[in-house]
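In what follows, every heavy atom counts, from backbone to side chain, and hydrogens, waters and symmetry copies are set aside.
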Amino acid sequence: MIEPSNRVNHTKESYIRNILKVIQQPGMLSLAGGLPDAHRFPQSILAQAAAELADQPSIYQYGATEGLTELREFILASKPFAEEVIITSGSQQALDLIARCYLNPGDQVLCETPSYLGALQIFDLAEAETLTVDSEKDGPNLAHLEQVLAANNVKFFYAVPDFQNPSSRCWSLGKRQAVADLLAKYKVAFVEDAPYRELRYEGEPLATVTELCKGDAFYLGSFSKIATPGMRVGYAMASKPLLAPLIKVKQASDLHSALPMQKMLLSTISHPDFGLHLEQLKSHYCSRRDALVSTLQKHLSDYVDFAVPQGGMFVWCRLKQHQAHHIATAALKAKVAIVPGDEFWPARSTVNDQAIRLNFTALDSKDLEQAVIRLATVMQQSQTSG
């Protein structure tokens with residue numbers, strides 16, 4: 001049989017994807033995935049957007065690689081800090097295109113620890129060397145960041161400054177400016193992934209790091225968390241010269257993202273009621289966050305420490321006395337799914353944190369409490385048996 005390439009063999013598998021079949025078992029309560037609440041999709045707006053497609057036969061034709069013109073104009077108008085935008089099949093493809101366009105085998109990329117698992121997989125596939133910088137509650141440790149930048153030839157720094165996956169940390173304005181200054185000093189590009197930026201429940205929105213950068217920067221956006229993930233519409237914003245290679249590679253990859261989905265997405269996010277939908281969604285997720293926090297404080301305070309996130313979809317829990325993978329395995333047997341924190345470190349890095357990531361958007365308040373009760377039982381039994 002033909003053998004897979006070395007880059008595939010050396011790429012870390014997704015823990016979350018690998019347990020999907022287990023999660024689908026009857027009675028399983030999953031805190032593992034980053035799933036939106038399907039009951040909160042804007043169904044009436046989506047139905048109207050879908051109906052409009054029937055009167056536009058040209059939308060089913062081939063289209064421009066850069067994406068639907070009207071959608072690109074809408075995005076650029078909403079985020080005037082960027083010069084150009086390309087529509088992608090989810091922001092995951094945007095990051096993949098950047099890696100394929102700008103990384104040669106052995107090139108160095110930098111990310112925070114913990115970091116988004118999907119990004120780590122992309123860097124592995126690109127055969128890059130993934131370096132790490134320590135993360136604090138308000139962003140990267142600046143002293144460590146400068147140390148890494150000074151000692152290495154980093155091509156770009158990848159980060160999620162707003163309600164990061166998995167930690168839900170949000171960079172302070174001071175850290176954002178300091179990072180932008182350091183990247184300019186060492187001539188390192190920045191890749192800002194912002195899928196959770198609109199899911200802020202407390203405080204005022206902060207400037208993006210991209211608009212503070214003086215050098216090369218990419219801004220990646222997604223509609224999966226605020227509209228629907230199934231449309232698979234995302235985008236990358238940057239200067240025209242930076243995006244030109246992405247257009248070339250996307251042409252070779254999939255020609256263009258599906259035009260009907262782009263048009264339907266545009267009709268959805270430009271609908272007069274979409275703003276109200278987003279406000280109601282944030283209120284709903286905020287109540288889910290509060291429900292999870294309350295039940296964690298009630299049932300797991302002896303076993304975990306955590307900070308209450310101002311936005312996003314996750315609570316990052318540091319374990320006081322347990323090993324994350326051991327607890328995750330035992331929890332599956334008790335029909336509750338969680339993700340051990342070391343899955344969010346590069347494969348060759350030393351993990352200095354025993355933690356678990358818990359999602360609060362997919363389950364209702366009753367199921368959130370039941371899941372935490374099961375998890376507390378697992379931790380209690382593990383402590384007793386140990």
Whether the [X] and [Y] side chains hold a donor-acceptor pair (N or O, under 3.5 Å, no angle test) is what I'd like checked.
X: Gln61; Y: Ser58; answer: no
X: Glu129; Y: Asn152; answer: no
X: Gln93; Y: Thr88; answer: no
X: Gln177; Y: Asp181; answer: yes
X: Asn153; Y: Gln108; answer: no
X: Glu146; Y: Tyr186; answer: yes

*What pairs with Asp107 under salt bridge (Lys or Arg N to Asp or Glu O under 4.0 Å), at least two apart in sequence or on another chain?*
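With neighbours one apart ignored, the set is Lys155.
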*With sequence neighbours excluded, residues passing salt bridge (Lys or Arg N to Asp or Glu O under 4.0 Å) with Glu204*: none
Less than 4.5 Å apart, any side-chain heavy atom of [X] and any of [Y]?
X: Pro195; Y: Val160; answer: yes
X: Leu296; Y: Leu358; answer: yes
X: Asp216; Y: Phe156; answer: no

Rounded to the nearest 0.5 Å, what separates atom [atom1] in [X] from atom [atom2] in [Y]?
X: Met379; Y: Leu300; atom1: CE; atom2: CG; value: 5.5 Å
X: Trp316; Y: Arg169; atom1: CH2; atom2: CZ; value: 7.5 Å
X: Phe157; Y: Glu192; atom1: CZ; atom2: CD; value: 10.5 Å

*On the 0 to 90° scale, with breaks at 30° and 60°, tag the Phe123-Tyr158 ring pair as parallel, tilted or perpendicular.*
perpendicular
*asked:* Please say yes or no: joined through hydrophobic side-chain contacts below 4.5 Å, possibly via intermediate residues, are Leu31 and Leu29 part of one cluster?
replied: yes
*Return each pair, listed once, that meets salt bridge (Lys or Arg N to Asp or Glu O under 4.0 Å) where at least one residue sits in residues 55-77; pairs must be two or more places apart or across chains.*
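Those involving residues 55-77 are Arg72-Glu84.
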*Provide the closest heavy-atom pair for Tyr62 versus His256 in the form atom of the first, atom of the second, distance.*
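So the two residues come closest at CA-NE2, 3.5 Å.
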*Check the surroundings of atom NZ in Lys320: do more than 12 heavy atoms from other residues, nucleotides or ligands lie under 6.0 Å from it?*
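Correct, the count exceeds 12.
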